[in-house]
Participant: 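Starting off with a structure, shown below.
These numbers come from a predicted model, not from an experiment.
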Amino acid sequence: MCGICGFVSRREISNKTLKIMNDTMYHRGPNDSGEEIYSGEDGYRIGFAQRRLSIMDLSMLGHQPMHSDAAFGSVQDRVCIVYNGEIYNAPELKAELISEGEQFLTSGDTEVILAGFMRCGPSFIKKLNGIFAITLWDESCQTLHLFRDRLGVKPLFYTKKDETTIFSSEIKGLFAYPDIVPELDRN
């Protein structure tokens, strides 16, 4: 099932807080977890986390967050991904990307999404046939991308507060972030 969560914020958020957010979804992925916080421009901090249920690629090469420099040997245009889902046409997309010169380290679909995004940008997501919630941080343009499958099968909740964007596969992941209080919006 897997679960993802994270934030983009100017606040100083600890790795402990990100881990607490991630651990609210332990039941979604007991096989592996990863949390990372790194710096963006203008004082922004980016935190990505994922709970993994290993199905496609059982090796640790499928660990997330996954970075473009780790997969493709380059630190320029660094992109980071956390992802939950299944891409049904991943083998065809992977074959297409290989024919264009891409190389792959894993047998999972996460790396296919990352390679396609690196090659084509956000328009690559239109090629995906499957169920997914994908979050990508594009360091080159300092942009957070949030994508869901067309039918919304895989959940992805998000909220904005001041200069902070928080996202999670489950709403309780949002509530684990400091200063997020559940409120009813009557509008």
Side-chain angles (χ1 to χ4, degrees), residues 1-54 60-72 74-85 108 110-111 113-114 117-118 121-122 125 132-149 152 154-185:
M1 176 172 11
C2 298
I4 61 176
C5 65
F7 60 84
V8 175
S9 179
R10 284 193 174 170
R11 292 184 58 185
E12 187 67 33
I13 306 299
S14 70
N15 197 55
K16 181 180 177 184
T17 298
L18 184 58
K19 182 165 179 34
I20 290 169
M21 291 173 63
N22 202 24
D23 285 348
T24 65
M25 299 179 292
Y26 177 83
H27 60 281
R28 296 181 73 93
N31 300 119
D32 186 24
S33 69
E35 299 91 15
E36 290 184 27
I37 298 176
Y38 44 96
S39 299
E41 293 178 4
D42 298 325
Y44 278 95
R45 308 265 297 151
I46 299 91
F48 271 25
Q50 193 239 17
R51 296 293 322 184
R52 182 173 174 214
L53 178 63
S54 301
M60 285 307 294
L61 291 173
H63 179 80
Q64 294 181 44
M66 185 181 284
H67 300 274
S68 58
D69 58 335
F72 307 108
S74 168
V75 293
Q76 67 185 44
D77 299 326
R78 180 177 162 148
V79 175
C80 179
I81 183 173
V82 286
Y83 151 72
N84 169 32
T110 307
E111 192 178 13
I113 298 165
L114 188 54
F117 184 88
M118 292 291 296
I125 303 303
F132 54 83
I134 302 168
T135 304
L136 293 134
W137 172 256
D138 188 339
E139 188 171 314
S140 66
C141 60
Q142 298 289 293
T143 303
L144 176 68
H145 299 273
L146 303 172
F147 302 103
R148 282 184 68 196
D149 59 86
K154 291 295 180 181
L156 185 58
F157 298 93
Y158 71 94
T159 189
K160 292 187 76 164
K161 183 170 183 159
D162 303 321
E163 294 183 88
T164 300
T165 301
I166 306 116
F167 63 90
S168 179
S169 293
E170 294 186 2
I171 201 160
K172 64 185 173 182
L174 299 179
F175 295 155
Y177 187 89
D179 301 330
I180 299 296
V181 179
E183 297 176 11
L184 182 60
D185 182 353

Participant: Within the 4.5 Å heavy-atom criterion, are Phe167 and Val82 side-chain neighbours or not?
Facilitator: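 Yes; the side chains approach each other to less than 4.5 Å.
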
Participant: Of all the heavy-atom pairs spanning Ala176 and Ile20, show the shortest one and how long it is.
Facilitator: CB-CG2, 4.1 Å

Participant: Identify the heavy atoms of Ala133 and Leu156 that sit nearest to each other, and give their distance.
Facilitator: CB-CB, 4.1 Å

Participant: Could you measure the distance from the CD1 atom of Ile4 to the OG1 atom of Thr135? Nearest 0.5 Å is fine.
Facilitator: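 If we round to the nearest 0.5 Å, Ile4:CD1 and Thr135:OG1 are 3.5 Å apart.
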
Participant: Minimum heavy-atom separation for Asp149 to Lys154, with atom names?
Facilitator: OD2-N, 3.0 Å

Participant: In Å, rounded to the nearest 0.5 Å, how long is the span from NZ of Lys161 to CD1 of Ile180?
Facilitator: 5.0 Å

Participant: Using a strict threshold of under 4.0 Å (side-chain N to carboxylate O), is an ion pair present between Arg11 and Asp162?
Facilitator: no

Participant: Of all residues at least two apart in sequence or in a different chain, which pass the side chain to side chain donor-acceptor pair (under 3.5 Å) check with Thr143?
Facilitator: none

Participant: Is any side-chain heavy atom of Phe117 closer than 4.5 Å to a side-chain heavy atom of Pro122?
Facilitator: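 Touching, per the 4.5 Å side-chain cut-off.
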
Participant: Quick one: does any side-chain atom of Ser14 pair with a main-chain N or O of Thr17 as donor and acceptor, under 3.5 Å?
Facilitator: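 Side chain of Ser14 to backbone of Thr17: a pair is present.
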
Participant: Could you tell me whether Phe48 and Tyr83 have their ring centroids closer than 6.0 angstrom?
Facilitator: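 No - the distance between ring centres of Phe48 and Tyr83 does not fall below the 6.0 Å cut-off.
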
Participant: Under the criterion side-chain contact (heavy atoms from CB on, under 4.5 Å), I'd like the reasoning laid out for His145 against Ile125: C-alpha separation, chi angles, the key distance, then a yes or no.
Facilitator: CA-CA 11 Å; His145 299 273; Ile125 303 303; over 6 Å; no

Participant: What's the shortest heavy-atom distance between Ser33 and Arg51, and which atoms?
Facilitator: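 What the structure gives for the nearest pair is CB-NH1, 3.4 Å.
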
Participant: OH of Tyr158: more than 12 outside heavy atoms within 6.0 angstrom?
Facilitator: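 Not more than 12 within 6.0 Å, no.
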
Participant: Just how far is it from atom CD1 of Ile37 to atom NZ of Lys16, taken to the nearest 0.5 Å?
Facilitator: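 It is 13.0 Å, given to the nearest 0.5 Å.
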
Participant: Say you draw a straight line from NE2 of His67 to CH2 of Trp137; how long is it, rounded to the nearest 0.5 Å?
Facilitator: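 The CH2 atom of Trp137 is 13.0 Å from NE2 of His67, to the nearest 0.5 Å.
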
Participant: Looking only at non-hydrogen atoms, find the nearest pair between Lys172 and Glu170 and report the distance.
Facilitator: CE-OE1, 2.7 Å

Participant: I would like to know whether Thr110 and Ile81 meet side-chain contact (heavy atoms from CB on, under 4.5 Å); could you show each step before the answer?
Facilitator: CA-CA 8 Å; Thr110 307; Ile81 183 173; 3.9 Å; yes

Participant: Does the pair Cys80 and Tyr38 meet the rule for a side-chain contact (heavy atoms from CB on, under 4.5 Å), with working shown?
Facilitator: CA-CA 11 Å; Cys80 179; Tyr38 44 96; 3.0 Å; yes

Participant: Okay, side chain of Asp138, backbone of Val79: is any donor-acceptor separation there less than 3.5 Å?
Facilitator: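 Flag not set: sc Asp138 to bb Val79 has no pair under 3.5 Å.
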
Participant: Could you tell me whether a side-chain N or O of Gln142 sits under 3.5 Å from a main-chain N or O of Glu41, the two making a donor and an acceptor?
Facilitator: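 Judged by distance alone, yes, a pair lies under 3.5 Å.
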
Participant: Look up atom CD1 in Ile46 and atom OG in Ser9, then write down how far apart they are to the nearest 0.5 Å.
Facilitator: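 If I round to the nearest 0.5 Å, the distance is 9.5 Å.
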
Participant: If you round to the nearest 0.5 Å, how far is CG of Leu136 from CE of Met118?
Facilitator: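 Answer for the CE-CG pair, Met118 versus Leu136, is 10.5 Å.
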
Participant: For a quick test of reading the model, state the closest non-hydrogen atom pair linking Arg10 to Glu163 and the distance between them.
Facilitator: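 Arg10 and Glu163 have their closest heavy atoms at NH1-OE1, 3.1 Å.
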
